Chemist: 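Sharing a structure below in structure tokens format, with a few things to ask.
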Amino acid sequence: MTQVNRLAGGLIDRSRTISFRFDDKWMKGHPGDTLASALLANGVRLMGRSFKYHRPRGPLSAGSEEPNAIVELRDGARREPNTRATTAELFDGLTAQSQNRWPSLAFDALAINDRLSNFFAAGFYYKTFMWPAAFWEKLYEPIIRRAAGLGSLSLQADPDSYDKGYLHCDLLIIGAGPAGLAAALTAGESGLNVILADEDSLPGGRLNIETYGLGQQSGADWAAEATERLAALPNVRLMTRTTVLGAFDHGIYGALERVSDHLPVPPEGKPRQILWRIYSRRAILAAGATERPIVFENNDRPGIMLAGSLRAYANRWAATPAPEIAVFTNNDDGHRTAQDLRAKGVTVAAVIDTRAQAPKGNGYEVIAGGTVTNTSGRLGLSRIEVTDARGSRRTIRCGALGVSGGWNPNVSLTCHQRGRPTWNADIHAFVPGGTLPEGMVVAGAANGLFSTHAALTSGADIAARIATELGHSATRPDLPQAEDTPLAITPFWHVKGAKRAWVDQQNDVTAKDVKLAHQENFVSVEHLKRYTTLGMATDQGKTSNTAGLAIMAEVAGKSIPEVGTTMFRPPYTPTAIGAFAGRARGKDFRPTRKTPSHFWAEEQGAVFVEVGMWLRAQWFPRPGETHWRQSVDREVLQTRASVGICDVTTLGKIDVQGADAAAFLNKIYCNAFAKLPVGRTRYGLMLREDGIAMDDGTAARLAEDHFVVTTTTANAVTVYRHMEFVRQCLCPDMDVQLISTTEAWAQFSVAGPNARKLLQKVVDPKFDISNEGFPFMACGEITVCGGLRARLFRISFSGELAYEIAVPTRYGDAMIRRLMEAGREFDVVAYGTEALGVMRIEKGHAAGNELNGTTTALNLGMGKMVSTNKDSIGAVLSRREGLNAPDALRLVGLRPVDRSKPVPAGAHLMTKGSPVDAAHDQGYVTSACYSPNLGHSIALAFLKSGDTRMGEILRLVSPLTGFDHEVEVVSAHFVDPEGERLRA
Amino acid sequence: MRYSGFKVIKEALTGHRGWGPAWRDAAPQSSYDYVIIGGGGHGLATAYYLAKEFKQARIAVLEKGWIGGGNVGRNTTIIRSNYLLDGNEPFYEFSLKLWEGLEQDLNYNAMVSQRGILNLIHTDAQRDAFTRRGNAMMLNGADAELMTTAQIVARYPFLNVNDARFPIKGGLAQHRGGTVRHDAVAWGYARAADQRGVDIIQNCEVTGFRIENGTCLGVETSRGFIGAKKVGACVAGSSSRLMSHAGMRLPIESHVLQAFVSEGLKPVLPGVITFGAGHFYCSQSDKGGLVFGGDIDGYNSYAQRGNLPVVEDVCEGGMAIFPMIGRARLLRMWGGIMDMSMDGSPIIDRTHIGGLYFNGGWCYGGFKATPASGFVYAHLLATDTPHPTATAYRFDRFAKGLMIDEKGMGNQPNLH
Amino acid sequence: MLINHPLLGPRDASEFVYKGDAALINRPDPDAPDALEQFIDYGYLRDNPAGAHRELWFHEQGDRSWLVVTRNTLTHEITSVELARDVARREGRSK
Amino acid sequence: MHDLIAISPLGATRPRIDNHGPVTLTEVTDRALASVAARLGHEAQATALVTALIGAPAPGPARMAGDTLTAFWMGPDQWMLDAPIDSHEDLAERITAEAKGSASVTDQTGAWCRFDLTGDGLADVLERLTNANTRAFAGGEAQRAAVEHMGCFLLCHSPRHISVIGPRSSAGSLHHALLTAIRSAH
């Protein structure tokens, strides 16, 4: 296939010819082409199918506003559905598939919908598919869903990577057309830090499209020269292929840079795209304007496109959809298209101008006061029917029709906060209005200034003003002479007729649908949009909204501004979800925190488990162990029989210092700390202000004015934040200083009857750690291994004689090795979080499953700890009646009556003989395990009035997991209830 | 006018000229028996059930803008009854049952689609918590299933299980959960209420209450005073603003919740899925868009728009479990005002002012509650007693310490 | 959003953690005769204004200061930022 | 003297060094850290203490100062002191002794890992990792910033030498993030 519709000239690189494939056809194009321009040059107009009726469609536009020419770009895992052919840059080997058609683009079985369109009017599904009732989910919906959507995902993980980045500037200029370039030259040469962003690969905007000159140069040459000047300024960052997608609070903009989308694949290590968060002091929106069509019967055939786009393809890309074209316009700009195409050697069959006073043709016929009243051509336009001012009809042969209904300023970004556009009756379009995003000013066509001269001067004027406001002396560049044609337009929206005329082409919303919405009282503009789906397609109504409003205004007898506008929301153009995620995916979704003994544990073959961001050793399998329970049982039994070691570094540690440190702890813990002696540790329960338990841990008093507080692993961050709140906001004049030391110390629990003997081999001999010298709950600063400073705490989570020993983190690895070596004679065992959990359940200690954010000290069996002699956070509200009901939940132990059965966590408890339902629920199992010491399963549970129900047999039910058997209520202290081992 | 197969065919063949307004644009009368403030899903449902179930008349719904313009028009369309606490679960299960019969009841196809909802489990503690929840659901008569990872992967073969930062250890499914075409809920209730004589009055903003001797006599509006025997406030995110006119401070903060939709894609997601280790949930609409969301932005806001950090956070969650959506494009982001309550659960109660009732505090979960909220609120308004499924939703539960705190986050609304 | 930290200048709001109404500084006197009622109000009732709102933010990814930010909840415009500790002292919170 | 051997945050006995393009990424393990927070009412003494320790005025918000001993600002009346570990393994104890009750001092050496970026184009790397305006860094800046969800400090010795100090437990993730960004930017 040759490039039959390739014209002369253009900004494409004819020195190179590249190949691409669309569906099963390979074709040729040139660097600088878009997929759409290359297809047009190759004589292809049909590029897609519409959403609902599967109507054949070609490109409507030459830019990111495109509703029709959307394809699946690339193959395999890189397949990218719904990609606009009009912005996809051609590269050698590009492949694209048409979408939403079967079996082929030219013959699409679901085009049957088009024949049945009478049934598929706006809102049809709300009225039907209800009979019989069961058929919706079984029959109707599956059929509807099968037809849903446009392109397909590959279902494979996206192989490309995305970066996120952050930029700072004095001035962000959005759009590098004449207004943006003039603004950037002015601001850049005035010394501002400037970012100039444009979605195109080539700066210049419509300067690259139009034939008129700037001064003595062509527009494209001036743009290229301006770009060179900007590139030479170190304070200007020119970002092409970068779409500013949203205006967020306080001058923050989101922008997507397509780094590698014009390449076959991204280079090694480089991202496909970068999502930039731009912090700007000021912004100039110079996003230009988008042409809008006129609505008429069968206005959607391939070959019918916006007149300015027809011109763009001819001038910039040297392509035309057909050798013979016509133009339908309500303004002078349509005539410019006719002139430009004629100059390129394209036959202009006629210009149909809705205005009675239309300009004269220059080598082509002008039908003044005429309208296009119908078209024909099954897969592409072949003829248009024109009705002239006197009402007589004739048919004109043409393969393309340029339509111009005027231009809409691109106000989208002005609406992302509270801005609502206002109607400008001079240009018959919405212009920026209401409250613009803080710091934003609008220049050029985006502000309704449509001439090139006005764009240049408004860009320069605004930039100069901003430079002055930001304390720079403004330097204004010499701007060239440019066209300054006044806009001549007489509004004309819609050629009335009996057949279907498309308003929103992608979603197949017709003028009739808009009228039906009105008839059914969906008159509010939001109702119109939602009822008909007008403006909800991938183009978000960039080319369709105004016509929809105009038709609604017509039927409602209102003006367009009275009908109103819907909200433009970010992103400006659809943006890859991967870009918003950046590098945070897969294993890098969140950082991984490793404990000081991690590398050692890996050597031991530990199985790791995620605990928040931490990876902790869950158990340490030994050769021959085939089930995790074998490992865990061994770790538990060996610890209780001799000694075990566990890395407990992940517990939060907060250094609390200052003269008021004790008073501060009195405030944050419900129990008392003021009288805790130096060298002693105390368990502390922290309440939220609402009286519910927040966290628990220990506070060790290292000096009169120095405590080390521990938190649970999960709550380390929130507890620290809470303590700072109390310190800064509630007790601003306490002398207390806080800092986290969680990671500063590697901390190991050494537990079991031989714990002391083991530690005595490591702790330097000058420190007495005998039971008398270092009793239960003692703490102190010591040295180990010949002088390494360390901290020792005699605290126990397991219920055994136990210590926690802390050394500077970088020695944690050496310390665990030394402890294990020293323990060899005691047959020491390393234990993981699973054994830790078993032992704490055996001991009846509450943990995360019990401190679940709804339980009180009373529920936990620690009601008496809430001191009434002092003020502490949460004390007052913990006294509310509902939290102190006679049948309040209490923490109890459970064991199965049939000892072979489990007591699974999450099961509910029922009184024997009562109905099994929520109304008779007595409580629930929080934590459960198999106790290798007792030889059966045990559990902790919250049970109504549990403290008075010891010995009662309950029915444990878990319909979800199929358990229903009896359990006995027992003390939660399954092992060593008197605590003799702790104190041994 | 009833919608029927016959009518649909007749209209299709005769150019749709016979369809009338889905609801009348009523002009306000000087007084009503019931004035419902707020033409959202809940308000319209309340009016409908007052008329239908409680045989009341002289009912008006006042809407400051266009009906369905609040959260019923800007949510992620999910319905479910997978709640843990007995204060909530019966209510939401009642709601789910009403959804199941909604279309026949309203004669309006709101496309209730019970495609199922699945909450992923990533840790053993999460499995314990979800087991407790699933059991609570079943003990309250709802359905629940604990699914294995293999079962989940069979349904979602593109789920990231091999390279996951947080492994997937199963999930809690409720197969009767699903999605509903959200706008249609408002329109369906509006149409059905209108047919039962309810006046739906758009562009009528309540600017004050007329309260004498501790009794509310009616409301001041942008269209004049409207008298009422009973006034039911039902304005979600605007609750504090509205009730301040009655001198009330509420246990509510208004926050922004963002939601997102992708371009239309051929169907890939069978149901609703929620990532339990990040902030992401997702379903696919009948039009093919991936509809997804995550956490609230976290600061008080009435602006109906959010900021980038949460957008990124949500998309990170999406990519973490579905790395195949990287090349799908986010089409639109928007925000709604959430009436975040102090324990994450709603309030449906009388106020201390005679004749003035309150319904609010729905947090980010009001959509799924729409039918039951309307029903039980109508019950309260008509009978002055709470419906059996909504006895816990009282104002005084905070004073009494009877919070309904599903997440256990306490009195900080942005954490619920 | 950007919060203009009194010591560090404008910082992205994503560095901060939000708590709520700055009235939380005014913790009631636990020894007052109506302490329970006061705490219920303090703990649970909020003005929740549509307009200027004084609120607490914690600079978690920064200097760990709690700030009192006055921000318009309709427009997100921030009109003042103070160190919460200064505010607490001014509002009479003693040891 | 004890006989325990320290390991680096990345888990080796020697610091890791990576070169890519114009940037060198070096794991730094030879620094001792201690936080110094003024006691209430002793703010002036604490400031004077820091000034005396580093031989330069105690740095203000988001700044660092000093020579052999350096300090960077962490919060109101709070600094992190940084010294060579070989000569100052007991940095916290020494400062405590000198503070004479005017400041709370806490050893922070083990809490952090540090990676130094040296070479050209560092801002091109860091702009893909943090929202700090590193392009404007001239030397002397010390800013806390989130790097791929990790709370870090950025210390700018000069525009060609910037340290990233992050949580030690996340050293692997931080190193990976830095290296990925270097390869992406250069």
Side-chain angles (χ1 to χ4, degrees), chain A residues 161 163-168 268-271 274 276-277 279 582-584 588 590-596 598-599 613-614 649-650 655 657-660 705-706 733-746 783-789 807-815 818, chain D residues 1-9 11-12 20 29 33 35 37-42 74 77-78 89-90 93 101 103-112 126-133 135-136 147-150 166-174 176-177 180-186:
Chain A
S161 58
D163 269 342
K164 285 199 276 198
Y166 307 84
L167 300 174
H168 301 255
E268 174 73 27
K270 303 291 184 265
I274 306 176
W276 295 104
R277 199 185 294 183
Y279 300 89
R583 300 276 175 179
D588 297 333
R590 290 293 179 265
T592 301
R593 301 178 75 181
K594 292 177 178 171
T595 64
H598 184 88
F599 303 109
M613 304 255 200
W614 289 99
T649 304
T650 63
D655 218 36
Q657 297 194 50
D660 297 318
D705 58 357
H706 188 186
D733 286 321
M734 274 194 182
D735 177 29
V736 57
Q737 293 81 40
L738 308 172
I739 190 161
S740 166
T741 60
T742 303
E743 303 208 8
W745 297 90
T783 61
V784 297
C785 302
L788 178 67
R789 68 209 160 76
V807 296
T809 310
R810 62 192 183 283
Y811 293 109
D813 177 83
M815 193 69 213
R818 184 62 54 85
Chain D
M1 193 53 202
H2 66 82
D3 58 350
L4 298 176
I5 297 166
I7 62 166
S8 78
H20 179 88
T29 58
L33 297 173
S35 66
R39 291 283 171 99
L40 191 75
H42 295 78
M74 287 179 82
D77 305 311
Q78 191 184 9
E89 178 148 21
D90 56 349
E93 286 154 47
S104 296
V105 183
T106 303
D107 184 3
Q108 288 279 311
T109 306
W112 303 94
L126 290 168
E127 74 185 9
R128 295 184 191 212
L129 290 170
T130 90
N131 65 20
N133 188 4
R135 211 166 280 283
V147 175
E148 298 285 9
H149 305 279
M150 289 168 273
R168 180 182 172 111
S169 65
S170 310
S173 294
L174 180 57
H176 172 70
T180 302
I182 292 169
R183 287 176 178 152
S184 177
H186 291 291

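Just so we're on the same page: letters track the sequence lines, and every chain starts at 1. What you see is a predicted model, and the numbers here were worked out from it, not measured in a lab. Values below: every heavy atom of this structure, side chains too, minus hydrogens, waters and symmetry copies.
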Chemist: Working to the nearest 0.5 angstrom, can you tell me the gap between D/R128 CZ and A/L167 CG?
Modeler: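 Here the interatomic distance stands at 9.5 Å.
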
Chemist: Work out which heavy atom in D/M74 is nearest to a heavy atom in A/I739; give both atom names and the distance.
Modeler: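 Taking D/M74 first and A/I739 second, the nearest heavy atoms are CE-CD1, 3.9 Å.
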
Chemist: So, D/Q108 side chain and A/S740 main chain: donor-acceptor pair closer than 3.5 Å or not?
Modeler: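 Judged by distance alone, yes, a pair lies under 3.5 Å.
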
Chemist: In terms of side-chain geometry, is the basic nitrogen of A/R789 or D/D90 positioned less than 4.0 Å from the acidic oxygen of its partner?
Modeler: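 Salt bridge between A/R789 and D/D90, a charged N being under 4.0 Å from a carboxylate O: no.
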
Chemist: Please find the pair of heavy atoms, one from D/M150 and one from A/P591, that lie closest to each other, and give the distance.
Modeler: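 Nearest heavy atoms, D/M150 then A/P591: CG-CG, 3.5 Å.
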
Chemist: Is the backbone N or O of A/T592 less than 3.5 Å from a side-chain atom of D/S173, with the two atoms forming a donor-acceptor pair by type?
Modeler: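 Here the side-chain-to-backbone pair exists.
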
Chemist: A/K594 versus chain D, heavy atoms under 4.5 Å apart: side chain, backbone, both or neither?
Modeler: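 Both parts, backbone and side chain.
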
Chemist: Which answer fits D/A171, side chain, backbone, both or neither, if we ask what part of it has an atom under 4.5 Å from a heavy atom of chain A?
Modeler: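 Nothing of D/A171, per the 4.5 Å heavy-atom cut-off to chain A.
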
Chemist: I'd like to know which of A/A659, A/A814, A/G165, A/P596 tops the heavy-atom pair count under 4.5 Å against chain D.
Modeler: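 So the answer, after comparing A/A659, A/A814, A/G165, A/P596, is A/A814.
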
Chemist: Please give me the minimum heavy-atom distance between A/D588 and D/H176, naming the atom from each residue.
Modeler: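 So the minimum-distance heavy-atom pair works out to OD2-NE2, 2.8 Å.
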
Chemist: Please find the pair of heavy atoms, one from A/Y279 and one from D/N131, that lie closest to each other, and give the distance.
Modeler: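 Nearest heavy atoms, A/Y279 then D/N131: OH-CB, 3.2 Å.
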
Chemist: Using only atom types and a distance under 3.5 Å, with no angle test, would you say the side chain of A/K270 pairs donor to acceptor with the backbone of D/A185?
Modeler: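 The answer is no, because no donor-acceptor pair under 3.5 Å joins these two groups.
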
Chemist: CD1 of A/I274 to CD of D/E127: how many Å apart, nearest 0.5 Å?
Modeler: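 Rounded to the nearest 0.5 Å, the CD1-CD separation comes to 8.0 Å.
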
Chemist: Any idea which of D/A103, D/S8, D/A38 has the most non-hydrogen atom pairs under 4.5 angstrom with chain A?
Modeler: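 When all of D/A103, D/S8, D/A38 are compared, D/A38 has the most.
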
Chemist: Could you pull out the closest heavy-atom pair between D/S104 and A/Q737, with the gap in Å?
Modeler: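 It is OG-OE1, 2.5 Å.
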
Chemist: Is D/I5 in contact with chain A via its backbone, its side chain, both, or neither, using a 4.5 Å heavy-atom distance?
Modeler: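 Backbone only.
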
Chemist: Residues in side chain to side chain contact (heavy atoms under 4.5 Å, CB included) with D/H186, at least two apart?
Modeler: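 D/H186 satisfies side chain to side chain contact (heavy atoms under 4.5 Å, CB included) with D/H20, D/P22, D/V23, D/D124, D/V125 only.
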
Chemist: Shorter than 4.5 Å, heavy atoms on both sides: which option in D/R39, D/M1, D/E89 has the most such pairs with chain A?
Modeler: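 Option with the greatest count: D/R39.
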
Chemist: If you measure from CG on D/L129 to OH on A/Y166, what distance do you get to the nearest 0.5 Å?
Modeler: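 Atom-to-atom, D/L129:CG and A/Y166:OH are 8.5 Å apart.
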
Chemist: For chain A, which of D/R135, D/H149, D/R183, D/E93 has the most heavy-atom pairs under 4.5 Å?
Modeler: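 The answer is D/H149.
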
Chemist: In Å, rounded to the nearest 0.5 Å, how long is the span from CZ of A/R583 to OG1 of D/T180?
Modeler: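 So the gap between those two atoms works out to 5.5 Å.
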
Chemist: Please lay out, stage by stage, how D/H2 and A/V784 fare under the test side chain to side chain contact (heavy atoms under 4.5 Å, CB included).
Modeler: CA-CA 7 Å; D/H2 66 82; A/V784 297; over 6 Å; no

Chemist: Looking at chain D, which one of A/S161, A/P808, A/P271, A/G812 has the largest number of heavy-atom pairs inside 4.5 Å, strictly under?
Modeler: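 Ranked by contacts with chain D, first place is A/P271.
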
Chemist: Heavy-atom cut-off 4.5 Å, strictly under: side chain, backbone, both or neither for A/A746 against chain D?
Modeler: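 Contact with chain D: none, neither part.
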
Chemist: Supply the atom-to-atom distance D/L4 CG to A/L788 CG, rounded to the nearest 0.5 angstrom.
Modeler: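 If I round to the nearest 0.5 Å, the distance is 5.5 Å.
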
Chemist: For residues A/R810 and D/T29, determine if any side-chain heavy atom of one lies less than 4.5 Å from a side-chain heavy atom of the other.
Modeler: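 Of all side-chain heavy-atom pairs linking D/T29 with A/R810, none is under 4.5 Å.
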
Chemist: Output all residues satisfying salt bridge (charged side-chain N to carboxylate O under 4.0 Å, His left out) with D/E148, sequence neighbours left out; order by chain, then residue number.
Modeler: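 Residues passing salt bridge (charged side-chain N to carboxylate O under 4.0 Å, His left out) with D/E148: none at all.
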
Chemist: What residue, out of D/P9, D/S169, D/A111, has the most heavy-atom pairs lying under 4.5 Å from chain A?
Modeler: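 The answer is D/S169.
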
Chemist: Would a distance-only check, ignoring hydrogens and angles, find a side-chain to backbone donor-acceptor pair under 3.5 Å from A/D735 to D/L40?
Modeler: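 Present.
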
Chemist: Does any part of the side chain of A/C785, heavy atoms only, come nearer than 4.5 Å to the side chain of D/D3, both counted from C-beta?
Modeler: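 With C-beta onward as the side chain, the pair touches.
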
